[in-house]
Amino acid sequence: MSVARRMLLHHNIFALLSLLAISQCAPSGFPSSGNGIWNTKPGIIWAREWLPVGNGYLGAMSPGGTTQEILQLNIETLWSGGPFADPDYNGGNKQPSERDAMARAMKDIRHTIFESPIGEIDNIDVLTTDMGQFGSYAGAGYLISNLNTADPVTDYGRYLDLEQAIVRTVWTQGKATYQRSLLCSNPTRSCTQYINVTSSTPSVILPTLSYAFSSALQYGLPTPNITCMSANTLQVRGFVGAPSMLYELLAHVTAPGGNVSCIQFPVPSNSPPNATLEVTGSAREAWLTWVGDTNYNLDAGTAKSDFSYHGPDPHDKLVSLLAKPTSSDVSFSSILEEHVDDYEAITTIPFSLDLGQTPELDIPTDVLISQYQIDAAGNAAGNMFIDWLTFNFGRYLLFSSARGVLPANLQGKWAKDLENPWWGSYALDINIQMNYWMAEITNLDVTTPLFGFIEKGWVPRGTYTAEVLYNATQGWVVHNAANIFGQSGMMAGDPGSAEWANYAVSNAWMMLHVWDHFDYTNDVEWWKSRGWPLLKGVTLFHLNNMVEDTHFGDSTLVTNPCNSPEQLPITFGCAHSQQLIWQVFTAAQKGFAASGDTDTGFLEDVLDALDRVDKGIHIGSWGQLQGWKVDKDDPADTHRHLSHLVGLFPGSAVASYDPGIQGPVVVNGSMVTYTKEQVLKAAKISLVHRGNGTAADADAGWEKAWRAAAYAQLGDSANFYHLLSYCIQRNFAANLFSIYNPTDPNPVFQIDANLAYPAAVMNSLLQAPDVPTPETPLKITLLPALPSQWPKGSIRGARLRGGIGIDLSWEGGKLTKVVLRADRQAVSRQVEVLYAGRLLASLTTSPGLSKTILPSM
């Protein structure tokens with residue numbers, strides 16, 4: 001057994017056996033509001049019990065050790081695979097010479113599907129390409145700190161403070177009280193672990209303290225070179241494979257009153273060097289600050305750079321980054337202050353939610369989670385404090401993982417293995433979208449890296465994919481899964497199955513986020529320079545790629561071939577695709593005037609397509625909203641995805657259905673125009689039949705959170721809260737991480753349910769879905785699905801379309817006050833404010849407008 005693994009085993013045994021006194025209340029320093037996660041014992045299982053910190057660029061997970069703490073580290077760009085492992089990696093695409101063959105194959109596939117009596121084909125394997133060196137997001141090893149003291153541990157507690165974005169562990173040994181703090185600061189792009197000791201005995205100082213880096217605890221990670229860059233700075237340089245990406249970590253120790261030394265160990269000549277940092281002397285506090293990066297460069301993902309994604313050696317940049325937080329005039333308190341100021345400016349100052357919760361300061365969070373149950377009848381008693389805490393934790397996780405170079409991935413930024421579940425990638429048929437559902441409405445300014453990643457990481461290679469695979473001369477496309485190396489082709493999987501790969505509307509779904517950002521902010525300069533070019537590119541692709549439906553002969557434009565995400569059959573006119581494309585076309589129509597674009601021919605093409613495109617709204621034989629244009633839905637289908645309900649939530653094709661714009665449709669040779677009530681009823685029938693998110697195909701939290709949000713959109717507060725509660729009870733661990741398989745003793749962490757949870761909560765309290773035309777009034781519905789479990793509460797600083805800010809409060813389950821404020825850059829638009837089925841106010845917004853509404857009881 002390696003030394004590192006013995007150290008981890010020792011840590012786990014210590015966590016279980018060494019606590020001689022368990023605190024019965026929240027630890028010292030825990031927020032009096034209860035806004036945090038606290039426990040009375042160290043964590044054992046990474047996904048269930050460790051606590052996360054992050055700044056977007058770096059992440060760390062803490063189990064809360066005492067004499068030994070083992071931090072698991074992440075660097076956001078640290079990936080295996082890609083052109084670093086294979087210079088010929090081309091994003092999973094066909095070769096240029098195959099373009100004509102793909103055009104012929106696509107024509108044959110479309111013909112076969114249209115001519116099929118049931119509108120299907122058994123495979124489209126000819127369009128797929130082996131994924132090659134897709135790679136995986138990788139952990140960056142472990143940082144181990146040892147404190148040379150052997151006294152029994154008492155008065156132990158650890159917590160994640162959601163008011164300061166910091167993890168702390170406190171305990172007593174002998175006459176000394178120790179506190180270890182961990183934070184990751186976005187302004188400095190660094191993380192800091194701080195420890196101090198206090199005692200009634202003035203002579204008490206820190207025992208000998210050491211820091212070491214280990215890759216041995218992360219299976220498969222090659223052993224890096226660990227050397228002394230200076231007397232107080234450790235340098236770690238390694239690779240995630242051979243050949244692969246280079247990464248570097250620099251760690252600097254500051255110990256006022258103490259002595260810091262870097263000890264280089266003698267090793268065999270054929271082994272990488274190893275070193276540790278050690279603190280001795282009379283220090284009462286010490287802190288280790290580290291920075292990390294790789295030689296990945298998102299800007300090098302272009303044809304001009306040969307899609308190399310190679311950047312310079314990160315060393316010089318890291319030296320520069322480390323200089324600020326480790327300068328001689330910087331104290332830990334100043335590091336903490338800068339970090340907290342940044343955190344508050346993004347999270348708590350712009351926005352807050354109150355559910356009428358009472359702080360739970362006498363019961364550890366893991367116990368509260370274990371007590372969060374649904375009774376045998378399926379009724380959710382809930383716990384408004386845990387509901388509120390889970391909401392805040394979701395916003396914390398997005399803040400902590402989304403503000404680097406890359407957006408939050410399937411694991412946010414926290415992944416412990418060399419190869420992580422689903423590669424720790426970006427699943428483009430729900431994950432990355434769900435991650436950001438809450439951002440605009442909860443006023444969380446974290447989307448800039450997301451849009452930059454689309455612009456730099458998808459468009460260049462996606463333009464090539466559109467040309468070679470779809471014979472398109474304009475626009476760009478990507479498919480179901482993305483890495484950080486421009487993966488854009490249709491990935492080959494099991495023969496005969498396209499359910500995972502055939503997803504050419506991922507670009508369309510992401511454009512809803514692009515449009516929403518403009519619709520919420522009215523940032524015209526951003527729209528002109530970044531948003532509009534992205535949306536136009538996607539619109540052009542789908543204008544070129546849609547074909548006339550010759551199966552039904554109704555002259556509509558449809559996608560062919562398509563799949564409802566992760567589900568067979570391979571068919572045409574999938575409701576999911578049609579609803580998204582229709583929304584993209586409407587966004588292009590609405591956004592053209594502000595774009596500064598003079599291409600009126602493009603606008604004419606969009607308007608013509610809006611008249612002809614199948615809107616993806618068809619009611620089937622058992623009253624359901626059809627998942628496909630051919631009526632083939634199975635009433636027993638409980639598939640995890642609600643794909644054909646994307647227009648209910650988070651989209652608007654169903655939620656804001658307008659029969660004058662989206663009707664009529666041809667049904668059995670006759671023109672039929674559905675009412676909005678008919679469409680919503682069909683959507684609910686489909687939603688009910690989809691089940692509760694626990695089926696043979698999956699048991700994930702994200703599917704339950706999506707169902708909860710969809711029920712909220714329908715105004716069904718009982719089912720909303722049941723699914724929301726079931727999500728917590730079934731899939732949220734003791735540390736509030738969402739876990740994929742709740743029965744797994746060492747489960748997979750998936751962040752999307754954590755990040756979807758706040759969006760679902762907000763959708764029960766406040767709705768203002770997109771509208772199809774600029775002239776259509778924006779309908780703001782207040783408390784549309786308020787559950788009885790939250791009789792009192794308030795929202796401050798939420799955001800709505802049109803550059804509108806909103807505060808509201810309720811008591812006794814009734815709305816008490818609403819304040820609407822239009823930004824200075826807001827545009828004039830018609831707004832209707834609705835509550836309890838009645839119109840509260842009708843107004844026209846203007847820049848700077850403020851309106852208070854006090855509803856009569």
Side-chain angles (χ1 to χ4, degrees), residues 350-357 384 387-388 391 437-444 516 519-520 648-652 654-657 676-677 680 708-721 724 757-771 776-823 826 829-845 849-857:
F351 174 90
S352 68
L353 171 72
D354 186 335
L355 294 179
Q357 68 283 343
M384 69 177 71
D387 298 338
W388 172 77
F391 181 97
W437 283 351
M438 66 158 139
E440 303 292 350
I441 195 168
T442 72
N443 207 358
L444 195 61
D516 283 356
D519 205 17
Y520 275 78
L648 179 65
F649 185 88
S652 62
V654 175
S656 297
Y657 178 81
K676 184 174 183 179
E677 291 72 21
L680 292 176
Y711 275 114
Q713 192 65 45
L714 293 168
D716 187 337
S717 60
N719 275 310
F720 156 73
Y721 193 72
L724 192 80
Y757 184 97
V761 169
M762 290 300 294
N763 207 45
S764 75
L765 304 175
L766 183 61
Q767 294 174 7
D770 199 7
V771 291
T776 307
L778 178 69
K779 296 182 184 296
I780 302 172
T781 306
L782 308 175
L783 307 181
L786 178 68
S788 60
Q789 290 83 356
W790 304 337
K792 178 182 179 181
S794 63
I795 298 173
R796 174 183 55 79
R799 299 284 300 168
L800 297 173
R801 299 175 188 278
I804 300 171
I806 184 169
D807 303 339
L808 70 150
S809 57
W810 65 95
E811 191 162 352
K814 304 293 184 181
L815 183 70
T816 55
K817 184 179 180 180
V818 185
V819 179
L820 297 174
R821 293 176 303 276
D823 298 342
R829 69 187 300 173
Q830 290 297 116
V831 172
E832 296 177 356
V833 182
L834 305 163
Y835 170 66
R838 61 190 176 95
L839 181 67
L840 281 187
S842 180
L843 62 143
T844 301
T845 60
L849 174 73
S850 179
K851 183 174 182 61
T852 299
I853 304 172
L854 300 173
S856 57
M857 304 303 291

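The shown structure was predicted, so the numbers you read here are calculated from the model rather than taken from an experiment. Starting from 1, each residue takes its place in the sequence as its number.
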Verify whether one side chain among R796 and S352 offers a donor that lies under 3.5 Å from an acceptor in the other.
yes
Is the closest basic N to carboxylate O distance between R799 and D823 below 4.0 Å?
yes
Exercise: identify the closest heavy-atom pair between A708 and A760
CB-CB, 4.4 Å
To the nearest 0.5 Å, tell me how far T845 OG1 sits from I804 CD1.
5.0 Å
Has W388 got a side-chain atom pairing as donor or acceptor with L353's backbone, closer than 3.5 angstrom?
yes
Which heavy atom in Q767 sits nearest to a heavy atom in A712, and how many Å separate them?
NE2-O, 2.8 Å
Pairing residues for D807 by the side-chain hydrogen bond (donor to acceptor under 3.5 Å, both in side chains) criterion, not counting sequence neighbours:
R821
Q789 side chain to P787 main-chain N or O, any donor-acceptor pair under 3.5 Å?
no
Give the C-alpha distance, both sets of side-chain angles, the deciding distance and a yes or no for side chain to side chain contact (heavy atoms under 4.5 Å, CB included) between F351 and I795.
CA-CA 8 Å; F351 174 90; I795 298 173; 3.8 Å; yes
Between the side chain of K676 and the main-chain N/O of A655, is any donor-acceptor distance below 3.5 Å?
yes
Heavy-atom count check: over 12 atoms from other residues, nucleotides or ligands less than 6.0 Å from K817 NZ?
no
How many angstroms lie between atom CD of Q830 and atom OG1 of T776, to the nearest 0.5 angstrom?
11.0 Å
Could you give me the CA-CA distance, side-chain angles and deciding distance for I853 and L815, then say whether side chain to side chain contact (heavy atoms under 4.5 Å, CB included) is met?
CA-CA 10 Å; I853 304 172; L815 183 70; over 6 Å; no
Checking F391 against T442 for the side chain to side chain contact (heavy atoms under 4.5 Å, CB included) test, could you report, in this order, the C-alpha distance in whole Å, the side-chain angles of both residues, the deciding distance, and whether it holds?
CA-CA 11 Å; F391 181 97; T442 72; 4.1 Å; yes
Spell out, as yes or no, whether a donor-acceptor pair under 3.5 Å connects the side chain of T816 to the backbone of S809.
yes
